[in-house]
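Here's the structure, in structure tokens; my notes come after.
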2 protein chains.
Amino acid sequence: MQDLINMLRDHKIQPTAQRLEVARCALASEDHPTADEVLAMALSRCPTISRATVYNTLNLLAEKGLLVRRTLREGVTVFDPRLEAHHHLIDTETGEIHDIPWDSVVVGDIAEHPEFEVLDYEIVLRGRRK
Amino acid sequence: MQDLINMLRDHKIQPTAQRLEVARCALASEDHPTADEVLAMALSRCPTISRATVYNTLNLLAEKGLLVRRTLREGVTVFDPRLEAHHHLIDTETGEIHDIPWDSVVVGDIAEHPEFEVLDYEIVLRGRRK
DNA sequence: TTCCCGTTTTAGACTTAGTCTAAACTCCAT
DNA sequence: ATGGAGTTTAGACTAAGTCTAAAACGGGAA
């Protein structure tokens with residue numbers, strides 16, 4: 001709890017009850033929740049929290065680098081609490097997102113692009129449960 | 001024109017004026033249009049075409065393998081007329097999507113996943129104009 | 001050719017994800 | 001205590017997408 005407060009302070013985010021609850025839900029998540037999923041979780045402990053606050057807080061946490069916004073599901077943004085580089089595997093049947101450790105794929109040289117400076121990259125795998 | 005008709009027939013899609021127009025716009029596109037972008041293009045030649053028809057037709061073309069649906073832009077689905085395997089580079093400033101030839105990146109072995117059979121994959125690069 | 005019936009198209013209602021706004025609430029510093 | 005900056009809130013609004021029910025189309029049988 002105190003750790004969470006400090007984590008927000010360290011990132012220049014003024015801690016409030018609502019922000020702590022959103023951070024708790026999103027950062028502790030084992031998967032890749034959408035904003036509305038975080039809202040649903042947060043409501044159980046913080047029954048008056050509003051959708052706008054959850055959206056604002058997630059955007060704030062992402063902007064401050066505590067979460068990563070990802071485009072991995074059609075039509076929705078998901079938030080990823082895992083900050084270390086990793087890849088993703090999408091279950092083609094369900095859309096579920098699974099983390100793949102960075103080292104389990106070896107990417108060789110990426111040819112220099114004539115017009116772009118590449119800042120980062122990831123592999124998106126798609127697969128089916130065996 | 002006749003080629004387009006045959007292409008649809010070959011894929012068991014009954015050609016109609018609207019479908020031909022949607023196919024023309026989407027398949028000839030040099031980029032990765034959204035459904036609403038295709039609608040805007042189609043309207044100039046086919047002024048009464050409806051949004052529902054464009055959405056239905058794009059979904060049909062994707063289902064029949066003439067287009068690929070991709071999740072590369074936040075909140076929207078884009079359609080990709082390039083069927084050969086390739087990667088994508090996203091301009092972090094604008095969100096623009098650029099194709100990257102398959103061979104310009106060498107991906108080594110992908111570790112066998114214990115629970116999933118990997119069907120395909122691609123690299124998503126993010127970068128900034130130099 | 002005409003008619004029929006399955007297929008397609010259409011407008012518009014509906015849903016879902018997300019942003020925006022303006023008012024209300026907090027809470028710290030005076 | 002009070003004033004103001006920063007937060008939260010409900011609800012309006014927008015954009016992407018699906019659904020529905022009715023109208024229009026079109027190709028084959030007669």
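In what follows, chains are A, B, ... by sequence order, proteins preceding strands, each numbered from 1.
As rounded to whole Å, 16 Å separates atom C1' of D:dC25 from atom CG of B:N56. Counting to the nearest Å, the P atom of C:dC25 and the CD1 atom of A:I49 are 18 Å from each other. Rounded to whole Å, the distance from CG on A:L60 to P on D:dG6 is 13 Å. Here C:dA17 presents its P atom at 14 Å from CG of A:L58, a figure rounded to the nearest Å.
Note: A:H88 and A:H32 have perpendicular aromatic rings, judged against thresholds of 30 and 60 degrees for the angle between ring planes.
A distance-only check finds a donor-acceptor pair linking the side chain of B:S44 to the backbone of B:M41 [under 3.5 Å]. Using a distance-only test at 3.5 Å, with no hydrogens or angles considered, no donor-acceptor pair links the side chain of B:R51 to the main chain of B:L39.
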Start with the C-alpha distance between A:E115 and B:K130, add both sets of side-chain angles, then the distance that settles salt bridge (charged side-chain N to carboxylate O under 4.0 Å, His left out), and finish with yes or no. CA-CA 6 Å; A:E115 296 166 57; B:K130 280 183 189 164; over 6 Å; no

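A:I97 has its side chain out of reach of A:R70: every pair of non-hydrogen atoms, C-beta onward, lies at least 4.5 Å apart.
Atom OG1 in A:T71 sits 4.5 Å away from atom CD in B:E74 (nearest 0.5 Å).
Between A:E37 and A:R73, at least one side-chain N (NZ, or NE/NH1/NH2) sits under 4.0 Å from a carboxylate O, which counts as a salt bridge.
A sub-4.0 Å separation between OP1 or OP2 of C:dT9 and a side-chain N or O of B:S50 is absent. Residue B:T48 places at least one side-chain N or O closer than 4.0 Å to OP1 or OP2 of C:dT10.
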Distances under 3.5 Å only, N/O to N/O: pair up the protein atoms with those of nucleotides 14-18 of chain D.
unit_1 : atom_1 : unit_2 : atom_2 : d
D:dA16 : OP2    : B:D36  : OD2    : 3.4
D:dG17 : OP1    : B:T77  : N      : 2.7
D:dG17 : OP1    : B:T77  : OG1    : 3.3
D:dG17 : OP2    : B:Y55  : OH     : 3.3
D:dG17 : N7     : B:R51  : NH2    : 2.3
D:dG17 : O6     : B:R51  : NH2    : 3.2

Identify each atom pair where a protein N or O and an N or O of nucleotides 3-8 of chain C are less than 3.5 Å apart, giving names and distance.
unit_1 : atom_1 : unit_2 : atom_2 : d
C:dT8  : OP1    : B:R19  : NH1    : 3.1
C:dT8  : O5'    : B:R19  : NH2    : 3.3

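Residues satisfying the ring pair (Phe, Tyr, Trp, His ring centres under 6.0 Å) criterion with A:H98, sequence neighbours excluded, are B:F116.
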